Protein chains: 2
Amino acid sequence: MLTIGDMAKTTGVKVPTIRYYEQMGLLSHAERSEGNQRRYSRSERDRLSFIKHARELGLTIEAIRELIDLSQHPEKPCAEADRIAAEQLATVRQKIAKLKKLEAELERISTHCHSNHVRDCYVIRALANHDLCETDHD
Amino acid sequence: MLTIGDMAKTTGVKVPTIRYYEQMGLLSHAERSEGNQRRYSRSERDRLSFIKHARELGLTIEAIRELIDLSQHPEKPCAEADRIAAEQLATVRQKIAKLKKLEAELERISTHCHSNHVRDCYVIRALANHDLCETDHD
DNA sequence: CTAAAACCTCTAGCGGCTTTAGCTGCAAGA
DNA sequence: TCTTGCAGCTAAAGCCGCTAGAGGTTTTAG
């Protein structure tokens, strides 16, 4: 049996976060030692790794909960799991697209200013005046 | 004089958000009507647009506060403003890099699954098993 | 046996808002 | 003039996904 510290060490998820996941229902209530400390099996550690990996990919707690529920029902069709992954992919792509616009504008702003005083600073002027933008970031 | 609603309409910043910005010290305490409603001048609206634009670019409230303070002192050197913009650019670039890794992995995961049941679902297996990853997203 | 490390619960805090509850202000139509 | 209904007000709580701290208990190493 693993202590919560062992779990933390082997998965890289911090101890308070593990307790948080239990509270959120991603991990079931762990068995307890006589002294009320959590004890985990290897399969619970695997589930924690699953959760960690999913979080690293940006999935919400809610989405992970759905995936865990799904994985408890191996006979169900996996279209649902596909949908969750695909949605996340779409979200990530949107974020990339948006950040690229920001990158372009910030680049322009911060390479443009050759003045010495705030009075003429391009950074400040660009922020004050959206018309100086080339792209239509929202 | 503009009401808070007018401000919201012309800048696209929601009414409660405007009040929040005032609380955070980005907007100064607005004048009030006899009936205690906020009344704004055009220059306050311009400042709100500035804030909005900066937020869209991902600047934190704190960074925006610094920029506003700077813009009140036109004779100061603008190196500080440049630094803020450049830092934000670096942050944005980091985020893009990370998201691209996620995109690659999600793409692989969600195009890989041709099974019908959760039992064999690649999405679920990939999440359970980090070894299936090609990149070393953190 | 003791000291230290690890564990426990509970609560509060982060950023950047959004929402809710319960009020008051104000303009336009009957 | 009255009323209706939108707009505004304040204060406080809620959201996400943790993280940190206080103050106590259990486990482990020596």
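So that the names make sense, note that chain A is the first sequence line, chain B the second, and so on, each numbered from 1. Fair warning: this is a prediction, and the values are worked out from it, not measured in the lab.
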Side chains of His29(B) and Arg38(B) in contact at under 4.5 Å (non-hydrogen atoms): no
Ile96(A) vs Leu99(A) side-chain heavy atoms within contact, under 4.5 Å: no
Nucleic acid contacts - residues 28-43 of chain A versus DNA chain C, non-hydrogen atoms under 4.0 Å: Arg32(A), Asn36(A), Gln37(A), Arg38(A)
Spacing between Met7(A) atom CE and dA6(C) atom P, to the nearest angstrom: 17 Å
Minimum-distance pair of heavy atoms, taken over all atoms of Met7(A) and Ile18(A): CB-CD1, 3.8 Å
Strand-adjacent residues in residues 62-71 of chain B, judged by heavy atoms under 4.0 Å from DNA chain C: none
Flag side-chain contact, heavy atom, 4.5 Å: Glu103(A) against Arg108(A): no
Spacing of Ile4(A) atom CD1 relative to dT9(C) atom P, expressed in whole Å: 9 Å
Glu105(A) and Lys100(A): CA distance, side-chain angles, deciding distance, salt bridge (Lys or Arg N to Asp or Glu O under 4.0 Å) verdict: CA-CA 9 Å; Glu105(A) 191 184 343; Lys100(A) 280 193 173 171; over 6 Å; no
Heavy-atom check, side chain of Glu44(B) versus side chain of Glu31(B), under 4.5 Å: no
Sub-4.5 Å side-chain heavy-atom contact between Phe50(A) and Leu67(A): yes
4.5 Å side-chain heavy-atom contact, Tyr21(B) and Arg55(B): yes
Test item: Arg32(B) and Gln37(B) side chains (from C-beta on) under 4.5 Å apart, heavy atoms: no
Atom-pair distance (CG on Leu48(A); P on dG17(D)), nearest Å: 16 Å
Polar side-chain atom of Arg47(B) near backbone of Leu26(B) as donor-acceptor pair, under 3.5 Å: yes
Gap between atoms CE and P, on Met1(A) and dA6(C) respectively (whole Å): 20 Å
Phosphate contact (dA7(D) OP1 or OP2) by Thr3(B) side-chain N/O below 4.0 Å: no
Strand-adjacent residues in residues 9-27 of chain A, judged by heavy atoms under 4.0 Å from DNA chain D: Lys14(A), Thr17(A), Tyr20(A), Tyr21(A)
Rounded distance in Å - CZ (Arg55(B)) to P (dG15(C)): 12 Å
Value in whole Å for how far the P atom of dC18(D) lies from CG of Leu59(A): 12 Å
Beyond-backbone contact of Cys121(A) with Asp82(B), side-chain heavy atoms, under 4.5 angstrom: yes
